[in-house]
Q: 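I have a structure here, written as structure tokens, and I will follow up with some questions on it.
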Amino acid sequence: MESQIAAARLAQPGRSLARTALIIGASTGYGLASRIAAAWGYGARTLGVFFERPPDEEKTATAGYYNTVALAKQAKRDGLFAAHLNGDAFSDECKREAMELIRRELAPLDLVVYSLASPKRTHPRTGVVHSSALKPIGAPFSSRTIDLDSRKVVDVTLAPATDKEIADTVAVMGGEDWRMWMDALASEGLLAPGVRSVAYSYIGPELTWPVYRDGTIGRAKQDLDRTAKALDATLAAKFGGRALVSVNKAVVTQASAAIPVVPLYLSLLLKVMRAKGIEEKPIDQILRLFADFLADGLHLDDDGRIRLDDLEMRADVQAEVAALWPRVTTENLLEISDFAEFQKEFRGLFGFEVEGVDYDRPVETDLELAPL
Ligand code: NAD
């Protein structure tokens, strides 16, 4: 996290993007990077909403909890206002608590980032628990992938999703909850003139399409696109604001590592992009997003989305990944892919193998996180 803060500090925005920002899904991955970019890059007062397990007598906390403890400490040192809400963002109760906190400490909001990645959602109106499935649609999909436990390249066949699994995935990862947050914020009068909101998506190359773009998660992302269009119109009419989807590059996070085929793709992508000197981490992507998001001539694709995956999708990058893909075996995995870097980054998400950390020194794990 310190390296992300250092990168954000170096960003020198020409004008203020946001004095206040709400980040939903703020403790890891793209949401954490968004919070760091808003706070340390732009001096914004932030509220981070996330769902993490605090420590108890038997277990240490989850990684995102410790990330936020560290962020809170650093924010205090740097005189930045940072509030935290650890709860289920899908619930009415969490939204209510957030509204109260925003009204007291932050309103009006200039920026709302929606960066949730969750395996399930309890619907606040029906009480139904929806579980997302990462599956193809219509036909089974066979591909190679890395078995992360045995570190072997194996073939995997994924059965197609049922209609219920498709609908459940849309309920969890589609746009309905983003819309509920924005409607609640608008009706409570907590949005500033010119407010901007962004939610994150992914498209990726053809070799992942059966399990991503054309699979259950892709359906959810289509729903997110539709939500963005409707929200964009509402925010423009009411606040002169904008709501957009940003298509980000594939990066190593807890959410992406859980998608079949993606760890192998990421290992190859890391190899190719690092060799070309164009690899970006979440903080690089988000600093670029915020700088562009401000620009008057914001460039959008034909479907009205921001594209931060331009370097990943560059023809030469994808041609090299595609050429390596059929050649990968368990034996040459470390040689022709950057699986070693993938593993290092994956362990780094949980605080392991982080440069500069003395792992022989005892650390306190029973840390408290105050809301402010
Ligand atoms: P992540 O797993 O690192 O982060 C998920 C965040 O959501 C965490 O802060 C977690 O605490 C929070 N969260 C989960 N359930 C919650 C709940 N019920 N209530 C409150 N908070 C909850 O995921 P990520 O990879 O950063 O993904 C964030 C978004 O970015 C997703 O929409 C994802 O599709 C998108 N995206 C990811 C990638 C990638 O390669 N990782 C690429 C492009 C787009």
Side-chain angles (χ1 to χ4, degrees), residues 1 4 22-36 47-54 61-68 71 84-95 97-98 113-124 129-132 134 169 171-175 177-178 180-181 198-204 208 212-213 215-218 220-225 227-228 245-259 261-263 265-266 269-270 280-283 285-286 289 305-309 312-313 342 345-346 348-350 369:
M1 197 179 67
Q4 296 204 55
L22 164 66
I23 291 97
I24 303 157
S27 53
T28 56
Y30 273 122
L32 175 63
S34 304
R35 189 173 194 191
I36 291 173
L47 168 61
V49 179
F50 47 82
F51 203 25
E52 302 289 349
R53 194 189 63 238
T62 45
Y65 182 92
Y66 292 123
N67 285 345
T68 310
L71 181 142
H84 324 284
L85 191 52
N86 189 7
D88 178 6
F90 296 126
S91 70
D92 286 340
E93 190 197 347
C94 180
K95 289 187 179 72
E97 272 183 53
V113 176
Y114 191 83
S115 187
L116 280 196
S118 174
K120 60 177 201 273
R121 171 183 179 213
T122 304
H123 197 284
V129 180
H130 299 278
S131 293
S132 68
L134 296 163
T169 309
V172 180
M173 291 297 288
D177 184 59
W178 182 25
M180 285 179 165
W181 272 96
V198 63
Y200 299 141
S201 186
Y202 182 66
I203 295 175
T208 64
Y212 202 98
R213 197 199 76 162
T216 47
I217 181 78
K221 295 299 186 187
Q222 281 171 16
D223 187 65
L224 196 69
D225 285 341
T227 303
V245 162
S246 171
V247 180
N248 298 355
K249 111 176 241 301
V251 292
V252 182
T253 67
Q254 292 178 53
S256 66
I259 304 172
V261 184
V262 168
Y265 170 68
L266 267 169
L269 185 71
L270 278 166
E280 288 176 303
K281 300 293 167 220
I283 191 68
Q285 284 264 292
I286 301 303
L289 168 71
R305 296 172 298 214
I306 300 171
R307 299 300 293 261
L308 295 177
D309 61 343
E312 171 184 356
M313 297 313 292
F342 172 89
E345 287 189 19
F346 186 70
L349 300 176
F350 304 95
L369 181 61

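Please read all numbers here as calculations on a predicted model, not as lab measurements. For ligands, and for the atoms within them, numbers begin at 1 and follow the listed sequence.
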Q: Which residue and atom name correspond to the protein heavy atom nearest atom 29 (C) of ligand 1, and how close is it?
A: Ser115 OG, 3.6 Å
Q: Give a yes/no verdict on whether any heavy atom in Gly64 is under 4.0 Å from an atom of ligand 1.
A: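 Not so, Gly64 does not reach ligand 1.
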Q: Closest non-hydrogen protein atom to atom 42 (C) of ligand 1, residue and atom name please, with distance?
A: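 For atom 42 (C) of ligand 1, the nearest protein heavy atom is Lys249 O, 3.3 Å.
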Q: Which atoms from ligand 1 have a heavy atom of Ala250 less than 4.0 Å away?
A: 40 (O)
Q: Can you tell me how far the CD atom of Glu52 sits from the OH atom of Tyr66, to the nearest 0.5 Å?
A: 11.0 Å
Q: To check you understand the geometry: which heavy-atom pair defines the closest contact between Val129 and Thr122, and what is its length?
A: CG2-OG1, 3.8 Å
Q: Quick one: does any side-chain atom of Thr62 pair with a main-chain N or O of Arg53 as donor and acceptor, under 3.5 Å?
A: yes
Q: Which ligand 1 atoms does Leu116 reach within 4.0 Å, using its non-hydrogen atoms?
A: 7 (O), 12 (C), 13 (N), 16 (C), 20 (C), 21 (N), 22 (C), 31 (C), 32 (O)
Q: Is ligand 1 under 4.0 Å from a heavy atom in the side chain of Ala26, in the backbone, in both, or in neither?
A: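 Within the 4.0 Å criterion, Ala26 contacts ligand 1 through backbone atoms alone.
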Q: Would you say Ser201 and ligand 1 have an N/O pair spaced under 3.5 Å apart?
A: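 N/O-N/O distance under 3.5 Å: no.
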Q: Any idea which atoms of ligand 1 are less than 4.0 Å away from a heavy-atom of Glu52?
A: 10 (C), 11 (O)
Q: Test your reading of the model: is there a side-chain donor-acceptor pair from Glu312 to the backbone of Ala250, 3.5 Å cut-off?
A: yes
Q: Check whether Thr253 reaches the backbone of Ala255 with its side chain - one donor and one acceptor, N or O, closer than 3.5 Å.
A: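 Looks like yes, one N/O pair under 3.5 Å.
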Q: Please determine whether side-chain contact (heavy atoms from CB on, under 4.5 Å) holds for the pair Thr28 and Leu349, giving the CA-CA distance in whole Å, both sets of side-chain angles, and the decisive distance to 0.1 Å.
A: CA-CA 8 Å; Thr28 56; Leu349 300 176; over 6 Å; no
Q: Specify the protein heavy atom at minimum distance from atom 17 (C) of ligand 1: its residue, its atom name, and the distance to 0.1 Å.
A: Phe51 CB, 3.5 Å
Q: So if I count the atoms of ligand 1 from 1 in the order they appear, which ones are less than 4.0 Å from some heavy atom of Ala255?
A: 2 (O), 23 (O), 25 (O)
Q: Does Lys120 come within less than 4.0 Å of ligand 1, judged by its heavy atoms?
A: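 Distance cut 4.0 Å: Lys120 fails for ligand 1.
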Q: Decide whether an N or O pair under 3.5 Å exists between Phe90 and ligand 1.
A: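 No; the residue has no nitrogen or oxygen that sits under 3.5 Å from a nitrogen or oxygen of the ligand.
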Q: Counting only N and O atoms by type, is there a donor-acceptor contact under 3.5 Å from the side chain of Trp181 to the main-chain atoms of Ala89?
A: yes
Q: May I ask you to decide if the ring planes of Phe350 and Phe346 are parallel, tilted or perpendicular, using 30° and 60° as cut-offs?
A: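 Because their plane-to-plane angle is over 60°, the rings of Phe350 and Phe346 count as perpendicular.
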Q: Would you mind checking which non-hydrogen protein atom is closest to atom 30 (O) of ligand 1, with the distance to 0.1 Å?
A: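 Ranking protein heavy atoms by distance from atom 30 (O) of ligand 1, first comes Tyr200 CB, 3.4 Å.
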Q: Say whether Ser91 and ligand 1 are in contact under the criterion: heavy-atom distance to a ligand atom below 4.0 Å.
A: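 Outside the 4.0 Å threshold, so no.
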Q: Specify the protein heavy atom at minimum distance from atom 38 (C) of ligand 1: its residue, its atom name, and the distance to 0.1 Å.
A: Tyr30 CE1, 3.5 Å
Q: Just to be sure I read this right, does ligand 1 sit under 4.0 Å from the backbone of Lys221, its side chain, both, or neither, counting only heavy atoms?
A: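 Looking at Lys221 and ligand 1, just side chain atoms fall under 4.0 Å.
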Q: In the protein, which heavy atom is nearest to atom 1 (P) of ligand 1, and how far is it?
A: Thr28 OG1, 3.4 Å
Q: Between Gln285 and Tyr200, is there a side-chain donor-acceptor contact under 3.5 Å, judged purely by atom types and distance?
A: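 Result is no, nothing qualifies.
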Q: N/O to N/O below 3.5 Å, does that happen between Gly31 and ligand 1?
A: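 N/O-N/O distance under 3.5 Å: no.
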Q: Give the atom numbers and elements of ligand 1 that come within less than 4.0 Å of a heavy atom of Ser27.
A: 8 (C), 9 (O), 10 (C), 11 (O)
Q: Say you draw a straight line from OG of Ser91 to CE of Met180; how long is it, rounded to the nearest 0.5 Å?
A: 11.0 Å
Q: What protein heavy atom lies closest to atom 25 (O) of ligand 1? Include the residue and the distance to one decimal.
A: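 Of the protein heavy atoms, Thr253 OG1, 2.6 Å lies nearest.
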Q: So which bit of Ala199 gets within less than 4.0 Å of ligand 1, heavy atoms only: side chain, backbone, both or neither?
A: neither
Q: Give the residue, atom name and distance (to 0.1 Å) of the protein heavy atom nearest atom 27 (O) of ligand 1.
A: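 Going by distance alone, atom 27 (O) of ligand 1 is nearest to Ala117 CB, 3.7 Å.
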Q: I'd like to check which ligand 1 atoms, numbered from 1 as shown, lie under 4.0 Å from a non-hydrogen atom of Gly87.
A: 19 (N), 20 (C)
Q: Taking Asn248 for its side chain and Leu308 for its backbone only, find out whether a donor-acceptor pair lies under 3.5 Å.
A: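 Judged by distance alone, no pair lies under 3.5 Å.
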Q: Parallel under 30°, tilted from 30 to 60°, perpendicular over 60°: which one fits the rings of Phe50 and His84?
A: tilted
Q: Quick check against the 3.5 Å criterion: does Arg121 have a side-chain atom that pairs as donor or acceptor with the backbone of Ala171?
A: yes
Q: Is there a donor-acceptor contact under 3.5 Å from the side chain of Ser27 to the main chain of Tyr65?
A: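 Judged by distance alone, no pair lies under 3.5 Å.
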Q: Just jot down the ligand 1 atoms closer than 4.0 angstrom to any heavy atom of Val251, in number order.
A: 39 (C), 40 (O), 41 (N)
Q: Hey, what do you get for OG1 (Thr227) to NZ (Lys221), rounding to the nearest 0.5 Å?
A: 11.0 Å
Q: Need the ligand 1 atom indices (1-based, order shown) with element for anything under 4.0 Å from a heavy-atom of Asp88.
A: 17 (C), 18 (N), 19 (N)
